[in-house]
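See structure below.
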Amino acid sequence: MTKKHVEVVVIGGGPGGYVAAIYAAKSGKQVALVEKEHLGGTCLNIGCIPTKALVKSAEVFDCVKKAQEFGVLLEGDVKPDMNAIMDRKEQVVERLVGGVAHILKKNNVEVITGTASFVDDKTIEVSGEETLEITFDDAIIATGSKVAKVPIPGIDLPFVLNSTTALSLRELPKSIVIIGGGVIGLEFAFLYRHLGVEVTVIEFMDRLVSVLDSDASSEILRQAKKAGIKVSTSAKVTQIAKGEDGKALVSYERKEKLNEVSCEKVLVAIGRSPQMEGLGIENTSIELLEKGRGIKVNEAMKTSVDHIYAIGDVNNLIQLAHAASHQGMLAVDDIVGKQTEAFEKNCVPSVIFTTPEIASVGVSEDYLKEQGITYKVGKFQFNGNGKAVTMGQANGFCKILKNEQNEIIGATIVGPDASTLIATLTLAIRNHMTDSDITKTIFAHPTTGEVIHEAALDLSIGCIHS
């Protein structure tokens, strides 16, 4: 067995792990990164990036179908080529994964391929082509998450997909039932619908994406139905079976009635759970969260062991790639003794790539109501925004919340460019800006960004363009 010592070892090469490794190297540390499969982790290989590549292909096809609305006449049959779509997706992934490898090498991060397992609080063993024992000064656990298992009879039938297998589906089904109306489920729902698939979404909660404010959930439900997506909320899937015609039969209970829907494919999109299997946590002094649902950390991402940190999905604070990257940098700052601020969950934006896009940051209006906290809301509809109208995407709204001190504390955007626009409002919340700070800022015209200015105006004198 080969033995070696490193200053910082990072376990997991996803957006949390590789960012932490590069940042640690730039901070003067000798770094080794252990990854058992592919650099980039779930996000780059079987998550964010491939999904968005497919979303873009679906959007392009949907746009082509609507070309006549923009005065563009197309002749001949236009249809999606799933092989070409998947090939493009794989090219995008390959390019970005290769880019990560290049940057790691450029920063002298040693990449070790293999599965890491803790021997004790100061040692890990890496099983790969050869067994390697590594002792370390500091360790950062960044093993991410895995597809959550749900006890639905028939879930192992061959026509049942999860978010990973769906990304490799080269034959487009005519119909699909998506179990779960959360972030993953809705992104796939719009993706498949744009490609012409008959889509049904079955959601256990009483609304889609229940983490969103109720008005945002209502808006995306309206847009889903407008797109031809069938939605059943407050519904519990009881069984998946194979029908006499070979298709899937999905049974679910709703309002005390048993319903059944037939389809070619079923996609189970009910979330993810922290990946700690085989990590050897039991060989360490690391404390877990209640019921073992992740690794317990403090505000600097430090575990109960002073020199071991846990970042990203594995600590279960928030399952977002950009949060993992930020947490990785916080951990490194703590390792090198750099003064840092605590991780602020309210400053982490969340985006859903539906049509239209949804983005939110800070506290929600529903939460403020539940807690009895005094607030004011400013709101502006995209149908009053010139750029959105020219784009033919004038659905949705921008909503901004402020407290009694006039500080921006929350925001939700449902509409075109929401994924980009939310950065402005994240910056506002992060820096305790007021609505006046926004209204005094000049926004370029015509841009979708003007909805932020209008919503901020609505917090005081009222919108100009509505």
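FYI, side chains are in, hydrogens and waters are out, and symmetry mates aren't considered; it's all heavy atoms of this structure.
A cation-pi arrangement is found for Lys379 relative to Phe397, the charged atom lying closer than 6.0 Å to the ring centre and inside a 45° cone about the ring normal.
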- Task: Could you give me the CA-CA distance, side-chain angles and deciding distance for Arg254 and Asn259, then say whether side chain to side chain donor-acceptor pair (under 3.5 Å) is met?
- Result: CA-CA 7 Å; Arg254 186 172 188 270; Asn259 301 271; over 6 Å; no
- Message: Run Thr233 and Asp206 through side chain to side chain donor-acceptor pair (under 3.5 Å) and show every step you take.
- Response: CA-CA 5 Å; Thr233 54; Asp206 62 356; over 6 Å; no
- Verify side chain to side chain donor-acceptor pair (under 3.5 Å) between His194 and Glu59, making sure each step is shown before the conclusion. CA-CA 7 Å; His194 286 330; Glu59 286 178 347; 5.9 Å; no
- Task: Step by step, work out the salt bridge (charged side-chain N to carboxylate O under 4.0 Å, His left out) result for Glu69 and Lys66.
- Result: CA-CA 6 Å; Glu69 295 177 20; Lys66 297 174 181 176; 5.8 Å; no
- Between Asp213 and Lys369, does a salt bridge (charged side-chain N to carboxylate O under 4.0 Å, His left out) hold up when you go through it step by step? CA-CA 11 Å; Asp213 267 337; Lys369 287 179 180 177; over 6 Å; no
- For the pair Glu290 and Lys296, evaluate salt bridge (charged side-chain N to carboxylate O under 4.0 Å, His left out) and give the outcome as yes or no after the intermediate values. CA-CA 9 Å; Glu290 186 180 353; Lys296 187 177 181 179; over 6 Å; no
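When only modelled atom types and interatomic distance are considered, Gln275 and Asp313 share no side-chain donor-acceptor pair under 3.5 Å. Side-chain N/O atoms of Arg293 and Asn316 include no donor and acceptor closer than 3.5 Å. Thr123 and Asp120 form a side-chain donor-acceptor contact under 3.5 Å, judged by distance and modelled atom types alone.
Panel note: side chain Thr131, backbone Ser127; no donor-acceptor pair is recorded below 3.5 Å. Panel note: side chain Asn315, backbone Val297; no donor-acceptor pair is recorded below 3.5 Å. Side chain of Arg430 to main chain of Asn346: no donor-acceptor pair is present (N/O by atom type, distance under 3.5 Å, no hydrogens or angles). Proximity of a side-chain donor or acceptor of Ser232 to a complementary backbone N or O of Ile202 within less than 3.5 Å is not detected. A donor-acceptor pair under 3.5 Å is absent between the side-chain atoms of Asn162 and the main chain of Val268, judged by distance alone. Under the 3.5 Å distance criterion, the side-chain polar atoms of Arg88 are left unmatched by any main-chain donor or acceptor of Val92. In this structure, the side chain of Asp366 engages the main chain of Ser214 through a donor-acceptor pair within 3.5 Å. Looking only at distances, a side-chain donor or acceptor of Glu357 sits under 3.5 Å from a matching main-chain atom of Ser419. Remark: side-chain polar atoms of Glu198 are not paired, donor with acceptor, to backbone N or O of Ser175 under 3.5 angstrom. Without hydrogens or angle criteria, Asn45 side chain to Gly41 main chain gives a donor-acceptor distance under 3.5 Å.
Ile22 contributes atom CD1, which lies 10.5 Å from atom CE of Met329 (distance to the nearest 0.5 angstrom).
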